[in-house]
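Notes to accompany the following structure.
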Amino acid sequence: MEYQRIRASAYRPVPGRDHFTVPMHCLTLPAAWEEPLLALRAGGRPERRGPHPRRVPTKDINQLLRATAPDIVTVDATATFGAERPWLYCTQAYPQPVTNMFVAAWLRNLQRNPEDPESASRLLACFRDLDTDSLRWQARTVDLLEQQPSMNGTASPAPHVYRLLTDHLAARIAAQPPYEHGGSQLTFHQVAGLGGARGAGSGGAELMSWPPIEYRTKRGTGSPAYYSATLRVTVRTVPFSPVPRVHLSAGVRRFVSGHVWLPYRKGASVYLLPDSSLVPNGPSSRRFSVATLQWRNGTTEWRQGGVGGMLAAVTALDRIPSPERLVKESEHWIGGRDGIRLAVGHQTAMGSHPVHAGLMPSERRRLVEWAEQALLPDLVPAPHLERSRLARPPKKQLRKLPAIPRKETSPEKLAAILDTHSRISAANAATRRRAMAEALPDAELIGVLLYQSDGQRDRLVAAAEKGLGLADGRVEHGPNNWTWKTPELTVRLHTHPLGALGEPLGRDRVPRIGIEHDEAIADRRRLVASEVAALRERVPGAQLALVELEGLDVYRGPRRRADPKHAIRLGCADGGLVTQFIRPLDTDSDPEKATEEAALRAEAAWADALRQLGLRLVPQHTLGELIPEGLNQVAFHLVERRSDGPTGKPQFTPIAVLLRPGATCVLGRSADMQEWVPYPVLLKSLTGRVRAEELRSEPAQSALTAAFIKNTLSRLRSTPTLVLAHAQDIRKRWPWLRNDGLERDRLGLDGGPTQRLGLYGKGLRIVRIADATRDETAQWWAEREELTADLAGRQRGGIAKGLWVPTEPDASGRVFYSTADKSSTQTGLTNDDAKLTPHVNPSGRDAYRPTANAWNPSLLEFTVACLQPGDDAEAWAAFVHQQRFSEEYRDALGLPLVLHLARLADQYALPHRDEDDVVDPTDAADLLPEAIVPTEQLFFDFDTDE
């Protein structure tokens with residue numbers, strides 16, 4: 001029986017509750033402090049004045065307070081002056097001498113150049129000019145549900161609400177009796193908040209269970225692994241709803257045991273729970289402080305610590321372990337030592353951890369429903385989401401293969417199943433071959449396989465033959481050239497040793513960051529391009545390079561600058577080839593298991609390569625006349641790289657991807673292109689984008705994005721077009737997509753007033769999609785006990801695929817939710833598996849599984865923002881939902897297909913300065929047949945192992 005409704009872990013103020021006031025103490029910067037602080041910050045340089053309030057950055061002191069004064073809540077990354085916008089809040093007035101000590105440390109940190117005698121003089125003048133007696137904590141009554149005026153009917157909480165309401169609710173959760181299940185208890189403590197997050201981007205408040213849970217491998221005799229349960233509380237809004245939401249999110253935090261390996265250029269959070277305050281005369285707290293370890297200039301140090309740093313200035317370093325000792329024996333203080341308990345947070349980049357991430361639905365439900373008791377009666381659960389009347393799967397283009405029984409069965413029955421399996425596989429392969437032939441020049445697939453081992457070469461060849469059902473069409477059988485000819489498609493593969501092309505950049509020495517790294521990339525790129533040019537003479541018409549190359553495990557930390565992968569992709573793009581990488585055989589694991597996994601990776605790599613070359617099975621909707629014929633699907637996406645990216649260069653390139661009905665490949669274009677081009681041409685053009693310096697500013701990027709969107713829509717105004725935009729990706733440069741910017745059936749560009757949708761065409765529709773990033777959408781589960789009476793009260797949770805409709809009285813009719821089924825990789829997991837406390841499932845079996853990787857589907861929010869008269873909003877949401885289910889994937893896509901393709905273009909964002917070697921998009925088009933019409937092409941997960 002299908003679930004007919006699901007429950008999101010979202011909460012609303014009780015109906016009729018417009019205010020929620022609590023007493024607090026707050027601290028503001030006196031107006032008289034503005035000029036001295038700005039002068040100190042400017043370092044003697046003239047201050048630029050503009051129409052906006054001048055601010056002083058508070059990021060550093062926010063981090064200091066998070067590490068040493070966890071009871072103080074910071075609400076902004078910059079401080080303004082005057083009493084209207086307080087900067088710090090606390091339930092009790094913080095001791096004034098300690099507050100003044102923090103401020104003094106901050107002022108010293110504001111100096112632009114502390115070693116400059118003039119800077120020291122300015123610091124003394126600043127101290128002399130400031131009236132420290134005026135810096136007082138003031139008692140106030142704060143409204144935790146305060147709202148600002150809204151222009152579009154969407155809730156607009158005041159900026160402080162995002163931090164203060166969540167902190168207040170987290171304190172109420174921590175004050176509850178411990179969470180208890182299966183004979184075990186978990187006690188939760190608040191964690192010092194992320195200082196500086198203001199408004200809708202706030203990370204809210206967090207709680208963590210302590211002491212941590214200890215898990216031992218090898219039947220309880222192995223080394224201990226430590227982890228805790230976490231709860232996050234965030235304030236969020238829903239487009240067109242006047243009521244704000246509070247989201248509760250449950251998860252797991254894992255801790256490091258033994259040596260701490262710090263990811264390159266990143267820090268590691270350290271959670272501290274001292275017996276008394278870390279600073280003299282400071283109040284003790286039951287909250288966790290959070291400090292950060294970082295690797296810098298060849299040594300490990302506390303961020304804001306160091307010689308003369310802010311931690312040293314407030315004498316906090318005397319109470320915490322030295323970084324050198326902590327990284328060697330991180331678990332030494334977990335149980336408490338020297339008056340402090342602490343743990344170092346584990347990150348995926350540090351390597352594997354015995355305990356895997358995530359919680360399964362039943363356990364998440366138990367924990368969230370325990371926590372929600374602290375929210376009552378001020379907040380109540382949001383109503384259930386009901387299954388849509390249009391929640392049907394798309395039409396099938398491939399037949400489902402019958403399951404081959406694992407248990408013993410009669411030879412006759414097994415033979416019949418295998419025969420059916422073979423016939424359906426052959427039919428599906430023929431469908432793929434026809435689709436592949438439509439997207440390729442002269443129905444020929446020509447690739448180059450650059451290998452390091454004979455075994456992986458043979459596995460890739462076998463995967464090619466199996467993936468397209470080519471066995472009966474083989475006409476050339478290696479060792480260097482393979483050819484298959486079928487009525488629909490010809491496939492040619494040329495194999496060639498990778499050789500020196502795959503050596504680490506710099507070979508024996510990792511190149512230094514900067515010019516040396518740039519030159520190493522350029523040298524390898526030229527070498528690859530030269531080799532590809534020679535190969536193309538032997539293999540005319542080659543379109544694809546399959547490359548066997550070591551993965552990220554080999555190039556960890558500073559060694560990542562030696563990774564040749566990006567240089568190889570650049571060189572292949574110069575030669576007109578798209579690239580697909582695959583790792584070599586894993587020689588460190590069990591040989592039989594390693595061989596099996598290598599074969600699976602080869603099949604996955606070949607499947608991804610086919611998608612890059614154009615294999616496309618666009619989901620066919622089942623909505624009939626509710627969706628117009630000949631509908632274009634367009635996705636806008638920002639291709640971005642920071643200066644700490646793979647090539648050390650920044651990039652900002654707006655792109656659009658187009659699925660056009662009846663076309664043979666996917667189309668794409670960037671802001672620099674005049675016309676639509678085949679998707680591979682777009683990808684290869686992205687390898688050389690380095691935007692001009694003037695595009696580094698937010699206004700310039702926003703203006704470019706708006707002009708590009710407007711130009712793209714103008715080219716499609718004569719045909720029915722659906723625009724899909726991923727909120728967390730593009731709204732930072734297209735602010736109309738923010739919750740408080742959206743207006744029904746009106747479009748906003750250029751930051752100006754919105755306009756009637758008809759000005760952009762009578763066939764245009766726009767759907768904005770938001771995912772669970774930063775808890776923007778809530779966690780969820782299906783409630784099992786509602787199905788049968790005998791399950792009542794057991795708090796079981798399930799996973800359900802479907803499109804869901806809000807049932808709230810004030811629902812706008814424009815917002816819907818999409819969910820997927822459990823991942824195919826979770827075949828050994830059940831919804832009742834637990835990792836926080838012992839648990840026995842309804843079958844009476846032990847379901848305690850800390851090592852389970854409990855990934856759960858995200859709740860996608862579809863806002864049908866712009867429609868044409870007579871449209872059914874639910875039908876358009878159902879269409880977008882169906883676009884998540886492409887038959888070329890085992891599982892649902894995280895985003896609808898056209899957005900998925902746009903996001904994957906990031907793999908080719910490899911900016912560089914050597915512009916002379918960049919393939920011009922118009923030249924690259926010569927590598928494709930004249931018969932190809934700019935249309936559609938599917939490129940999915942380019943690198944199986946990334």
Side-chain angles (χ1 to χ4, degrees), residues 23-34 36-37 40-41 56-76 79-83 85-111 114 120 122-140 142 164 167 190 192-193 195-196 272-291 302-320 338-340:
M24 298 197 78
H25 287 75
C26 63
L27 187 73
T28 60
L29 290 179
W33 284 34
E34 179 175 2
L37 285 186
L40 178 65
R41 173 66 179 168
V56 176
T58 58
K59 177 181 177 181
D60 291 342
I61 190 172
N62 289 344
Q63 291 178 347
L64 176 67
L65 294 174
R66 192 183 187 211
T68 58
D71 291 326
I72 295 178
V73 180
T74 61
V75 297
D76 206 347
T80 53
F81 302 90
R85 293 181 65 177
W87 162 38
L88 303 178
Y89 290 83
C90 195
T91 55
Q92 300 293 330
Y94 215 74
Q96 198 64 43
V98 183
T99 302
N100 291 342
M101 180 176 62
F102 285 135
V103 172
W106 175 46
L107 294 181
R108 294 188 183 95
N109 192 70
L110 282 178
Q111 298 177 88
R122 281 189 292 270
L123 176 63
L124 291 176
C126 184
F127 274 118
R128 185 175 58 250
D129 294 340
L130 298 182
D131 179 12
T132 56
D133 289 336
S134 66
L135 194 66
R136 294 288 180 182
W137 290 87
Q138 302 292 329
R140 284 195 181 185
V142 180
L164 298 184
D167 186 81
Q190 280 185 265
L272 308 103
L273 196 61
D275 295 340
S276 58
S277 175
L278 293 177
V279 297
N281 303 314
S284 60
S285 174
R286 286 181 51 82
R287 299 189 184 193
F288 275 97
S289 299
V290 184
W302 292 108
R303 188 172 292 170
Q304 302 304 324
V307 178
M310 294 176 72
L311 281 175
V314 297
T315 67
L317 291 178
D318 299 337
R319 295 289 316 280
I320 56 181
D338 302 326
I340 191 170

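Counting begins at 1 with the first residue of the sequence.
- Every residue was checked against the side-chain hydrogen bond (donor to acceptor under 3.5 Å, both in side chains) condition with Arg108, not counting sequence neighbours, and none meets it.
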Subject >> Worked check of side-chain contact (heavy atoms from CB on, under 4.5 Å) between Phe102 and Val279 >> reply: CA-CA 10 Å; Phe102 285 135; Val279 297; 4.3 Å; yes
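- Expressed to the nearest 0.5 Å, how far CD of Gln138 lies from CE of Met24 amounts to 14.5 Å.
- A distance of 9.0 Å separates CG of Leu278 from CG of Leu311, quoted to the nearest 0.5 Å.
- Take Thr91 and apply the side-chain hydrogen bond (donor to acceptor under 3.5 Å, both in side chains) test, not counting sequence neighbours, and it matches no residue.
- Taking both residues in full, the closest heavy atoms of Thr315 and Pro280 are given as OG1-CD, 3.1 Å, listed atom of the first, atom of the second, then distance.
- Side-chain atoms of Arg66 come within 3.5 Å of backbone atoms of Gly193 as a donor-acceptor pair (strictly under, hydrogens ignored).
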**OP:** Take Arg303 and Gln63, measure what side-chain contact (heavy atoms from CB on, under 4.5 Å) needs, and give me the verdict at the end.
**Re:** CA-CA 9 Å; Arg303 188 172 292 170; Gln63 291 178 347; 3.9 Å; yes
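- Here the shortest heavy-atom pairing between Ala105 and Val314 reads CB-CG1, 4.1 Å.
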**OP:** Report the C-alpha separation of Trp106 and Trp87 in whole Å, then their side-chain angles, then the decisive distance to 0.1 Å, and conclude whether the ring pair (Phe, Tyr, Trp, His ring centres under 6.0 Å) test is met.
**Re:** CA-CA 14 Å; Trp106 175 46; Trp87 162 38; 5.2 Å; yes
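- Shortest non-hydrogen contact noted between Ser276 and Ser284 is CA-CB, 4.0 Å.
- Side chain of Asn62 to backbone of Thr58: a donor-acceptor contact under 3.5 angstrom is found.
- Minimum interatomic distance between Phe81 and Pro30 (heavy atoms only, all atoms of both residues): CD2-O, 3.6 Å.
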Subject >> side-chain contact (heavy atoms from CB on, under 4.5 Å) between Leu110 and Leu37, intermediate numbers included >> reply: CA-CA 8 Å; Leu110 282 178; Leu37 285 186; 4.2 Å; yes
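- Looking only at side-chain heavy atoms (C-beta outward), Trp137 and Leu88 come within less than 4.5 Å of each other.
- Inspection of the Ser277 and Arg319 side chains reveals no N or O donor paired with an N or O acceptor under 3.5 Å.
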**OP:** Apply side-chain contact (heavy atoms from CB on, under 4.5 Å) to the pair Thr28 and Arg85, showing each step before the final yes or no.
**Re:** CA-CA 7 Å; Thr28 60; Arg85 293 181 65 177; over 6 Å; no
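- With hydrogens and angles ignored, the 3.5 Å screen pairs a side-chain donor or acceptor of Gln96 with a backbone N or O of Leu135.
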**OP:** Evaluate the criterion salt bridge (charged side-chain N to carboxylate O under 4.0 Å, His left out) for residue pair Arg122 and Asp129; output intermediate values, then yes/no.
**Re:** CA-CA 10 Å; Arg122 281 189 292 270; Asp129 294 340; over 6 Å; no
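- The nearest pair of heavy atoms linking Ser285 to Asp71 is OG-OD1, 2.9 Å.
- Remark: Asn281 CG is loosely packed, at most 12 non-hydrogen atoms of other residues, nucleotides or ligands lying under 6.0 Å away.
- If you take CG on Asp167 and CD on Gln190, they are separated by 5.0 Å, rounding to the nearest 0.5 Å.
- The distance from atom CG of Asn100 to atom CG of Leu130, rounded to the nearest 0.5 Å, is 10.5 Å.
- Counting heavy atoms from C-beta on, the side chains of Thr74 and Tyr89 never come closer than 4.5 Å.
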